[in-house]
Amino acid sequence: MTSLTGKKIIVVGGSSGIGFGVAAAALEHGAEVVIVGRSEDKLKATEERLGAGHVTGIAADVANEADVSRMFEQAGAFDHLVATAGTPPPNSPIGETDMDFVRGFVDGKLIGSVMLAKHAVRKLSKGGSMIFTSGINKDRPPVPGGAVVAAVAGSFSYFARALALELAPTRVNIVSPGWVDTEMWDEIVGEAKTGYFEQMGGRIPAGRIARPADIAPAYLYLMQNEFMTGETIHIDGGQRLV
Ligand SMILES: NC(=O)c1ccc[n+]([C@@H]2O[C@H](COP(=O)([O-])OP(=O)(O)OC[C@H]3O[C@@H](n4cnc5c(N)ncnc54)[C@H](OP(=O)(O)O)[C@@H]3O)[C@@H](O)[C@H]2O)c1
């Protein structure tokens with residue numbers, strides 16, 4: 001396993017949730033961290049929360065190619081790209097699908113990841129890696145309303161397998177989390193979150209819903225293990241089993 005001390009890690013989505021957990025854990029391991037998100041205010045607040053020093057915020061929208069290109073120019077040479085950016089998924093029955101909403105979701109998640117990979121290659125150091133984020137909804141899709149998010153999340157494993165071949169020796173991997181208690185859930189279900197989490201937490205083998213700090217070690221492992229590439233790590237407390 002290689003050390004992360006002194007490595008520069010770009011966490012796209014690092015101003016909240018799972019990405020915040022990765023940024024905090026990488027800082028603890030002595031890395032220099034760049035966090036990326038659309039909101040300048042959120043980035044500033046997160047820089048303060050993480051304790052200024054080795055963390056820098058860059059505002060960029062992954063759905064906008066000019067933004068993505070500028071972000072990598074600003075960040076300079078780096079060692080690992082972590083992408084956790086994403087917005088709440090479509091959740092209506094297929095016959096009631098709002099296509100503009102679907103396109104916005106796919107742009108931010110899948111097309112955004114393609115654009116990150118496209119522009120990352122210019123600045124990624126030798127021995128570096130890229131890690132993208134899929135999720136439990138490809139394995140246990142909510143019914144009804146889960147088809148789009150299942151399709152998008154499911155595509156990531158194949159994206160990583162193909163890119164790992166194309167970009168070798170640069171490594172490309174995926175983390176697939178189960179439910180994680182993040183700000184996204186507040187946006188999706190608001191106060192009903194507690195009930196959802198109690199119910200699902202009681203069913204899954206781990207006995208509770210994950211916190212971002214439970215998920216971050218999977219990203220750190222993929223950065224540090226030089227033999228991991230083209231792989232998807234599921235980290236879901238056994239949620240796929242129930
Ligand atoms: N939480 C879960 O239970 C769970 C489970 C499985 C998979 N996932 C997946 O994991 C990813 C992260 O989820 P999370 O729960 O950590 O969400 P979150 O707390 O809402 O964080 C999302 C982060 O992405 C950024 N972001 C969103 N859209 C962006 C864009 N177009 N360009 C740049 N940055 C953008 C947000 O900042 P701005 O809003 O400022 O842009 C924020 O920093 C998502 O793709 C989600 O689908 C989550």
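Both backbone and side-chain heavy atoms feed into the values below; hydrogens, waters and symmetry mates do not. Every number for a ligand or one of its atoms is a count from 1 in the order of the listing.
For R70, the CZ atom sits in a packed shell: over 12 heavy atoms of surrounding residues, nucleotides or ligands are nearer than 6.0 Å.
Remark: the backbone N or O of V242 is paired with a side-chain donor or acceptor of R140 at under 3.5 angstrom. Side-chain atoms of R38 do not come within 3.5 Å of backbone N or O of A60 as any donor-acceptor pair. A donor-acceptor pair is defined here as one N or O able to donate and one able to accept, closer than 3.5 Å; no such pair exists between the side chain of D79 and the backbone of K7. Side chain of D236 to backbone of S176: no donor-acceptor contact under 3.5 angstrom is found.
Residue, atom and distance of the protein heavy atom nearest to atom 45 (O) of ligand 1 are K109 NZ, 2.5 Å. Protein heavy atom at the shortest distance from atom 33 (C) of ligand 1 is A60 O, 3.2 Å. The single protein non-hydrogen atom nearest to atom 22 (C) of ligand 1 is G86 O, 3.7 Å, given as residue, atom name and distance. Considering only non-hydrogen protein atoms, atom 20 (O) of ligand 1 sits nearest to M184 CB, 3.5 Å. Nearest protein heavy-atom neighbour of atom 43 (O) of ligand 1: S15 OG, 2.7 Å. For atom 31 (N) of ligand 1, the closest heavy atom belonging to the protein is D61 OD1, 2.8 Å. P177 O, 3.4 Å is the protein heavy atom nearest to atom 6 (C) of ligand 1. For atom 15 (O) of ligand 1, the nearest protein heavy atom (residue, atom name, distance) is T182 OG1, 2.5 Å.
For the pair H234/I174, no side-chain contact is recorded, criterion being any heavy-atom separation below 4.5 Å from C-beta on.
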Should S16 and K42 be marked as a side-chain hydrogen bond (donor to acceptor under 3.5 Å, both in side chains) after you check the CA-CA gap, both sets of side-chain angles, and the distance that decides it?
CA-CA 8 Å; S16 176; K42 254 160 86 172; 5.0 Å; no
Apply side chain to side chain contact (heavy atoms under 4.5 Å, CB included) to residues S69 and K118 and explain how you reach the verdict.
CA-CA 9 Å; S69 175; K118 172 182 172 182; over 6 Å; no
V149/K109 under side chain to side chain contact (heavy atoms under 4.5 Å, CB included): CA gap, chis, key distance, verdict:
CA-CA 10 Å; V149 67; K109 184 79 187 158; over 6 Å; no
Evaluation steps, side chain to side chain contact (heavy atoms under 4.5 Å, CB included), between V11 and V33:
CA-CA 7 Å; V11 185; V33 175; 4.1 Å; yes
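Proximity to G17 (heavy-atom distance under 4.0 Å) selects the following atoms of ligand 1: 16 (O), 19 (O). Set against the non-hydrogen atoms of T87, the atoms of ligand 1 under 4.0 Å away are 28 (N). Of all the atoms in ligand 1, the ones that sit under 4.0 Å from a non-hydrogen atom of G135 are 6 (C), 7 (C). Below 4.0 Å from some heavy atom of E183 lie the following atoms of ligand 1, by number and element: 19 (O). Of all atoms in ligand 1, listed by their number and element, those nearer than 4.0 Å to a heavy atom of W179 are 3 (O). Residue-ligand proximity, I18 to ligand 1, at heavy-atom distances under 4.0 Å covers atoms 10 (O), 16 (O), 48 (C). Interface atoms of ligand 1 facing S39, defined by a heavy-atom separation under 4.0 Å, are 40 (O).
In P89, neither the side chain nor the backbone holds a heavy atom less than 4.0 Å from any atom of ligand 1.
Remark: F159 engages F132 in a ring-ring contact (aromatic ring centres under 6.0 Å, His included) (not counting sequence neighbours).
Considering both main-chain and side-chain atoms, V12 never comes within under 3.5 Å of ligand 1 through any nitrogen or oxygen pair. Geometrically, ligand 1 and G37 share no nitrogen or oxygen pair separated by less than 3.5 Å. For V62, a nitrogen or oxygen atom sits less than 3.5 Å from a nitrogen or oxygen atom of ligand 1, counting backbone and side chain alike.
Of all the listed residues (E40, K138, R38), R38 holds the heavy atom that lies closest to atom 28 (N) of ligand 1. Nearest to atom 25 (C) of ligand 1 by heavy atom, out of P212, A153, G13, is G13.
Considering I10, I131, I9, T170 in turn, I10 is the only one that fulfils the side chain to side chain contact (heavy atoms under 4.5 Å, CB included) rule with L81.
Judged purely by distance below 3.5 Å, without hydrogens or angles, the side chains of T84 and Y219 never pair a donor atom with an acceptor atom.
The closest approach between a heavy atom of W185 and any atom of ligand 1 is below 4.0 Å. Judged by the shortest distance from any of its heavy atoms, G178 lies inside the 4.0 Å radius around the atoms of ligand 1.
Taking the six-membered ring for Trp and thresholds of 30 and 60 degrees, W185 and F197 have ring planes more than 60 degrees apart, a perpendicular arrangement.
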